[in-house]
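Computation of the quantities below employed the complete heavy-atom set of this structure, encompassing side-chain atoms and omitting hydrogens, waters and symmetry-equivalent molecules.
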Amino acid sequence: MDLLESYRSLLKKHGKQGWWPLLETGYHPNNYAIPRTDAERFVICIGAILTQNTAWKNVEKALANLQKIKALNAKAVLLLDDATLKNAIKPAGYFNQKAKKLREFAKFYLGLEDKIPSRSEFLSIWGIGRETADSILLYAYKQPIFVVDAYTRRLFSLDADYDEIRLLFEAALPRDYRIYQEFHALIVEEGKRSRAKTK
DNA sequence: AGCCAGGCTACCG
DNA sequence: CGGTAGCATGGC
């Protein structure tokens with residue numbers, strides 16, 4: 001299986017996806033400067049948590065609610081009372097769990113200096129699993145780590161352990177975070193469309 | 001009217 | 001270890 005060839009063909013089919021989408025600017029194809037600020041970085045991180053097993057459309061509603069109450073930063077999240085936080089993120093589902101996950105992450109985030117946390121540091125946070133950790137590393141920190149999700153397994157008929165699949169992609173592709181970002185986004189786009197067609 | 005979304009944790013055998 | 005119930009809302 002030539003993964004680089006799959007990447008090229010998906011790119012031709014769907015065009016650049018421009019992940020990660022932000023509230024103000026939406027998608028930003030051909031712009032790899034994002035995140036430019038610490039604020040954008042944090043929004044990417046909590047978006048990655050909120051989108052766990054959840055359609056992005058619903059995550060956008062939750063993010064917009066948080067923005068409305070000026071809680072798109074770590075300090076503000078920690079200062080919100082429980083009911084307000086849960087109510088804001090309710091559209092993204094699992095609001096009891098995700099409220100706790102956001103607080104756990106915000107606590108961690110506030111403790112950071114300028115350094116980039118390691119994968120295992122992210123994984124040690126309650127509520128951050130492998131895909132979420134890798135999404136944060138790839139899209140918020142621009143680290144060349146491939147993100148594996150349900151669509152990746154489905155599209156390529158892979159039934160191996162998460163990290164095995166991740167390493168398979170990383171070995172087959174140039175070590176370039178921009179390619180990893182686009183490829184994962186393209187896989188999701190392809191997965192969404194092929195599902196819409198077959199139903 | 002179901003089925004399922006850009007998963008994770010806890011618990012089971 | 002691998003497998004899976006539970007978590008929750010909204011879109012199609």
Side-chain angles (χ1 to χ4, degrees), chain A residues 6-7 10-11 14-23 26-29 34-35 43-66 82-108 119-143 145-156 158-166 169 177 179-199:
Chain A
S6 305
Y7 167 66
L10 284 175
L11 186 56
H14 301 303
K16 288 218 172 146
Q17 300 301 299
W19 278 27
W20 192 272
L22 295 173
L23 281 183
Y27 296 88
H28 44 87
I34 288 177
V43 174
I44 293 172
C45 293
I46 62 174
I49 292 170
L50 290 171
T51 198
Q52 290 171 1
N53 201 38
T54 299
W56 182 253
K57 199 84 185 164
N58 293 340
V59 176
E60 284 181 334
K61 296 178 202 284
L63 290 173
N65 289 341
L66 289 172
D82 211 46
T84 306
L85 177 56
K86 286 176 179 173
N87 193 51
I89 65 172
K90 186 172 285 188
Y94 307 114
F95 53 84
N96 289 306
Q97 297 198 351
K98 283 178 179 173
K100 182 179 173 192
K101 291 178 183 183
L102 291 188
R103 287 194 201 282
E104 292 294 319
F105 185 79
K107 249 185 285 174
F108 169 84
R119 188 169 192 259
S120 57
E121 282 181 279
F122 281 118
L123 289 175
S124 71
I125 305 166
W126 187 89
I128 306 287
R130 291 184 285 190
E131 184 184 337
T132 307
D134 292 343
S135 296
I136 289 172
L137 283 163
L138 179 58
Y139 292 101
Y141 289 92
K142 305 180 186 182
Q143 300 303 295
I145 299 182
F146 200 82
V147 177
V148 177
D149 70 343
Y151 288 129
T152 313
R153 294 170 180 276
R154 227 171 293 166
L155 196 55
F156 296 94
L158 295 166
D159 187 33
D161 174 73
Y162 179 97
D163 285 306
E164 270 184 59
I165 299 175
R166 175 173 65 82
F169 277 79
Y177 78 89
I179 293 177
Y180 291 9
Q181 287 184 345
E182 287 296 339
F183 198 5
H184 172 66
L186 285 163
I187 290 169
V188 173
E189 180 62 20
E190 175 67 17
K192 282 181 184 168
R193 292 204 198 184
S194 65
R195 224 178 63 74
K197 248 183 287 185
T198 59
K199 108 176 153 158

Kindly give the atom pairs (protein nitrogen or oxygen, nucleotide nitrogen or oxygen) under 3.5 Å for nucleotides 2-6 of chain C.
none

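Proximity of a side-chain donor or acceptor of E182(A) to a complementary backbone N or O of Y180(A) within less than 3.5 Å is not detected. At least one donor-acceptor pair under 3.5 Å links the side chain of S194(A) to the backbone N or O of G191(A). Looking only at distances, a side-chain donor or acceptor of R153(A) sits under 3.5 Å from a matching main-chain atom of A160(A). No donor-acceptor distance shorter than 3.5 angstrom exists from the side chain of D134(A) to the backbone of V147(A), with no hydrogens or angles considered. Side chain of E190(A) to main chain of H14(A): no donor-acceptor pair is present (N/O by atom type, distance under 3.5 Å, no hydrogens or angles).
Taking OG1 of T51(A) as the start and CH2 of W56(A) as the end, the distance is 6.0 Å to the nearest 0.5 Å. In this structure, OH on Y162(A) lies 5.5 Å from CD on E131(A), to the nearest 0.5 angstrom. The distance from atom CG of D163(A) to atom CZ of R119(A), rounded to the nearest 0.5 Å, is 4.5 Å. Between the CD1 atom in I145(A) and the NE2 atom in H184(A) there is a gap of 13.0 Å [rounded to 0.5 Å]. Rounding to the nearest 0.5 angstrom, the gap separating the CG atom in L186(A) from the NZ atom in K16(A) is 10.0 Å.
Between L63(A) and E60(A), the closest side-chain pair of non-hydrogen atoms is not below 4.5 Å.
Side-chain N/O atoms of N87(A) and T84(A) include no donor and acceptor closer than 3.5 Å. Of the N and O atoms on the side chains of T132(A) and K101(A), not one donor lies less than 3.5 Å from an acceptor on the other residue.
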Pairing string of DNA chain B (Watson-Crick or G-U wobble, both atom distances under 3.5 Å; | = paired to other strand) is .||||.|||||||
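A heavy atom lying under 4.0 Å from DNA chain B marks the following residues of residues 122-135 of chain A, by number: I125(A), W126(A), G127(A), I128(A), G129(A), R130(A), E131(A), T132(A). A heavy atom closer than 4.0 Å to some atom of DNA chain C occurs in K90(A), P91(A), G93(A), Y94(A), F95(A), these being the qualifying members of residues 86-95 of chain A. DNA chain C is contacted by N53(A), N58(A), K61(A) of residues 53-61 of chain A, taking any non-hydrogen atom closer than 4.0 Å.
Aromatic ring centroids of F183(A) and F146(A) lie under 6.0 Å apart. Side-chain rings of F108(A) and F122(A) approach one another, their centers coming within less than 6.0 Å.
Look at CG on N65(A): it is 10 Å from P on dG10(C), rounded to the nearest Å. Distance CD1 (I49(A)) to P (dA5(B)): 21 Å, rounded to an integer number of Å. Rounded to a whole Å, the CG atom of N96(A) is 16 Å from the C1' atom of dA10(B). Look at CD1 on I46(A): it is 18 Å from C1' on dC8(B), rounded to the nearest Å. Going from atom CG of L102(A) over to atom P of dA8(C) covers 13 Å, rounded to whole Å. Rounded to whole angstrom, the span from the CD atom of Q52(A) across to the P atom of dA10(B) amounts to 13 Å. Taking atom CG of D163(A) as the reference point, atom C1' of dG7(B) lies 15 Å away to the nearest angstrom. Between the CG atom of D149(A) and the P atom of dC8(B) there is a distance of 10 Å, rounded to whole Å.
dA8(C) and dG2(B) have their P atoms separated by 22 Å, with the value rounded to a whole Å. dT4(C) and dC4(B) are spaced 15 Å apart, taking the P atom of each and rounding to whole Å.
Under 4.0 Å is where a charged nitrogen must lie from a carboxylate oxygen, and between R193(A) and E189(A) at least one such pair does.
Contact check, R193(A) against dC12(C): no side-chain N or O comes under 4.0 Å of OP1 or OP2.
Residues in residues 86-95 of chain A take part in these salt bridge (Lys or Arg N to Asp or Glu O under 4.0 Å) pairs, two or more places apart or across chains: D82(A)-K86(A).
The residue among R154(A) and K101(A) whose nearest nucleotide of DNA chain B lies closer to the 5′ end is R154(A).
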